[in-house]
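One is the number of the first residue; the rest follow in order along the sequence. Because the structure is predicted, anything quoted here is derived from the model rather than measured.
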Amino acid sequence: MSFKQALCAATAMTLVTASGALAETLVIATVNNGDMIRMQGLTQNFTDKTGHTVEWVTLEENVLRQRVTTDIAAKGGSFDIMTIGMYETPIWGANGWLVPLDDLSAEYDADDILPAMRAGLSHDGTMYAAPFYGESSMIMYRKDLMEKAGLEMPDAPTWQFIREAAAAMTDRDNDINGICLRGKAGWGEGGAFITVTANSFGARWFDEDWNAQFDQPEWADALNFYVGMMEESGPNGYATNGFNENLNLFQQGKCGMWIDATVAASFVTNPDDSTVADKVGFALAPNSEGVDRKANWLWAWALAIPAGTQKEGAAKEFIEWATSKDYIELVAENEGWANVPPGARTSLYENPNYQAVPFAQKTLDSILAADPNNPTVKPVPYVGVQFVAIPEFAGIATEVSQEFSAVYAGQQTVEEALAKAQALTNDAMEAAGYR
């Protein structure tokens, strides 16, 4: 071996050794939905590029929120990266609990992130979490059952039409429910859905002086409508159904309509998983007649780094990989364009390959229709569509959602639940110093 060859070999060995010494094992907490599970299956690509390995802690949505909130508030240090959303990010960023993401590489192109997503994941103009995907909510429906019922889905239907269509599509003998919706307790599960439904009936959580509004007729109208429709046309046990449960029902052909996260569109149209993949249509979330608000939310499942981690550099490398344009191309190459993470980047909606996906434009229209700064008809002192962006909301809304789920399960009346919601919300807000 020549001196030059020996030197090159030694240099290569030194780089391998250095790379090995710098390699980290990242612990990531995430939610158990399809896009996150797909990301886990592609993680070897990240390891091959960087040398870093990943350990996943995959949890059901309510459990994830509880675990990461407890860990970050107590500075537990269990995770190097957390999957969080638009509710937690600005609050935790303001508290100094998250690492700012203001120094990501030029190649990452943070300016390409959709403005609504970037704003929702920032505090004082600094981004503290990067969107893995963004979403609103919309109607997914069986075109064949709608046609069989002699109805045509409007592009922007009312709740009154949805209830009529749900009843017409219900076929109990064949185990087909006209509509499947969330009833599961949890502020981000059934609590999120009933909040946007209430928005579309003209309701609000608080008036301008932070007084709870559950004693107002708009809330009674929304909750009575929801319960009545679900008793007529919903599945048995809907009080315990969340996103994943309704997804399974729809994929099995047991739902005429499902109103939920726009990200579900790729799963219900995937022939490998859905028995009705070629029969699905899409429409904007409904509003109640005469109310200028739709029942759709704005959300991003995003990746954030807890302050104090010893692996900040490697964690940022992972976030750049998982939320990049290159990752979108990687998913498209392996799974097809319909299955890429939606709703996060402007360039995705400018891509002709993605524009051909049947739900792409409806997803973008739904995202753009949500206005977290003006979520309700009447004025409110808060921002947030399916949540109120104050630290106390998660605890309060979880309790309220439990009262509502008890109604869905037949354990109490709408009137009883609203009275309890009014009392517990006002008590909590007074204790927190808002009233």
Side-chain angles (χ1 to χ4, degrees), residues 86-87 90 115-116 119-120 135-139 154-164 179 181-182 187-188 190-230 259-262 283-299 362 364-390 392-393 396-397 400-401 403-404 407 414-415 417-419 421-422 424-426 429 434-435:
M86 286 185 169
Y87 168 66
E135 65 178 44
S136 184
S137 49
M138 66 182 177
I139 303 166
D155 183 60
T158 64
W159 274 116
Q160 289 70 23
F161 173 85
I162 294 299
R163 186 169 184 172
E164 174 191 351
I179 192 162
L181 300 173
R182 298 188 191 191
W187 74 262
F193 188 84
I194 198 61
T195 293
V196 295
T197 300
N199 291 346
S200 70
F201 276 78
R204 53 185 176 167
W205 266 78
F206 300 102
D207 68 12
E208 292 177 283
D209 295 317
W210 294 104
N211 297 303
Q213 297 294 287
F214 295 104
D215 60 351
Q216 297 301 301
E218 294 89 353
W219 265 105
D221 290 346
L223 198 55
N224 277 307
F225 180 94
Y226 176 77
V227 171
M229 180 174 62
M230 293 302 287
I259 305 172
D260 213 297
T262 52
L284 296 175
N287 64 294
S288 185
E289 289 180 358
V291 177
D292 185 23
R293 290 295 184 280
K294 296 187 183 302
N296 64 307
W297 60 64
L298 185 68
W299 186 253
K362 197 67 68 181
L364 183 60
D365 291 344
S366 298
I367 288 171
L368 296 177
D371 184 357
N373 295 315
N374 297 284
T376 57
V377 175
K378 296 177 182 178
V380 291
Y382 57 84
V383 298
V385 184
Q386 76 277 26
F387 57 84
V388 176
I390 58 173
E392 296 79 10
F393 179 77
I396 295 170
V400 169
S401 74
E403 298 297 341
F404 291 169
V407 176
V414 167
E415 292 74 18
L418 289 172
Q422 179 75 8
L424 73 85
T425 301
N426 274 339
M429 294 300 282
Y434 287 83
R435 303 176 63 243

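- Classification of the Trp205-Phe393 ring pair by plane angle, with boundaries at 30° and 60°, yields perpendicular.
- The line from NZ of Lys378 to CD of Glu218 is 4.0 Å long, rounded to the nearest 0.5 Å.
- Note that CZ of Phe201 and OG of Ser288 are 4.0 Å apart. Values are rounded to the nearest 0.5 Å.
- Contact detail for Gly190 and Arg182: the closest heavy-atom pair is CA-CB, 4.0 Å.
- Two residues are said to be in side-chain contact when any heavy atoms from C-beta on lie closer than 4.5 Å; Leu418 and Phe404 meet this criterion.
- Between Leu181 and Met229 there is a side-chain heavy-atom pair separated by less than 4.5 Å.
- Side chain of Asn296 to main chain of Ser366: a donor-acceptor pair is present (N/O by atom type, distance under 3.5 Å, no hydrogens or angles).
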Could you walk me through whether Leu424 and Ile396 pass the side-chain contact (heavy atoms from CB on, under 4.5 Å) test, one step at a time?
CA-CA 8 Å; Leu424 73 85; Ile396 295 170; 4.2 Å; yes
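- With values rounded to the nearest 0.5 angstrom, Gln216 atom CD is found 11.0 Å from Asp221 atom CG.
- Here the shortest heavy-atom pairing between Ala198 and Ala222 reads CA-CB, 3.8 Å.
- Side-chain N or O atoms of Arg204 include none that pairs as donor or acceptor with a backbone N or O of Val377 at under 3.5 Å.
- At distances below 3.5 Å, at least one donor-acceptor pair connects side-chain atoms of Gln422 with backbone N or O atoms of Ala212.
- More than 12 non-hydrogen atoms from other residues, nucleotides or ligands lie less than 6.0 angstrom from CG of Asn373.
- Closest of all the heavy-atom pairs between Ile139 and Ala285 is CG1-CA, 4.2 Å.
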Would you sort out whether Trp159 and Tyr226 count as a side-chain contact (heavy atoms from CB on, under 4.5 Å), showing the intermediate values?
CA-CA 9 Å; Trp159 274 116; Tyr226 176 77; 5.8 Å; no
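- Put simply, OG1 on Thr425 and CG on Asn211 are 11.5 Å apart, with the number rounded to the nearest 0.5 Å.
- Two residues are said to be in side-chain contact when any heavy atoms from C-beta on lie closer than 4.5 Å; Leu223 and Phe214 fail this criterion.
- Using a 4.5 Å heavy-atom threshold, the side chains of Pro381 and Trp210 count as touching.
- Ring planes of Phe206 and Tyr382: perpendicular class, angle over 60° (limits at 30 and 60°).
- Across every non-hydrogen atom of Pro372 and Pro375, the tightest pair is O-CD, 3.6 Å.
- Counting all heavy atoms, side chain and backbone alike, Ala417 lies closest to Glu403 at CB-O, 3.8 Å.
- Distance alone, capped at 3.5 Å, is enough to place a donor-acceptor pair between the Ser137 side chain and the Trp297 backbone.
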Does the pair Ile259 and Ile179 meet the rule for a side-chain contact (heavy atoms from CB on, under 4.5 Å), with working shown?
CA-CA 8 Å; Ile259 305 172; Ile179 192 162; 4.3 Å; yes
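- Using a distance-only test at 3.5 Å, with no hydrogens or angles considered, a donor-acceptor pair links the side chain of Asn199 to the main chain of Val385.
- Between the side chain of Thr262 and the main chain of Ser136, a donor-acceptor pair closer than 3.5 Å is present.
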Evaluation steps, side-chain contact (heavy atoms from CB on, under 4.5 Å), between Met429 and Ile390
CA-CA 11 Å; Met429 294 300 282; Ile390 58 173; 3.8 Å; yes
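- Closest approach of Gly202 to Val291, counting heavy atoms only: N-CG1, 3.8 Å.
- Formation of a donor-acceptor pair under 3.5 Å by the Gln160 side chain with backbone atoms of Glu289 is found in this model.
- The main-chain N or O of Phe193 is never found under 3.5 Å from a side-chain atom of Gln386 such that the two would form a donor-acceptor pair.
- In this structure, Trp219 and Ile194 have side chains that are in contact, with non-hydrogen atoms separated by less than 4.5 Å.
- Proximity of a side-chain donor or acceptor of Arg293 to a complementary backbone N or O of Ala203 within less than 3.5 Å is not detected.
- Residues Asp209 and Arg435 have side chains not in contact (no heavy-atom distance under 4.5 Å, counting atoms from C-beta outward).
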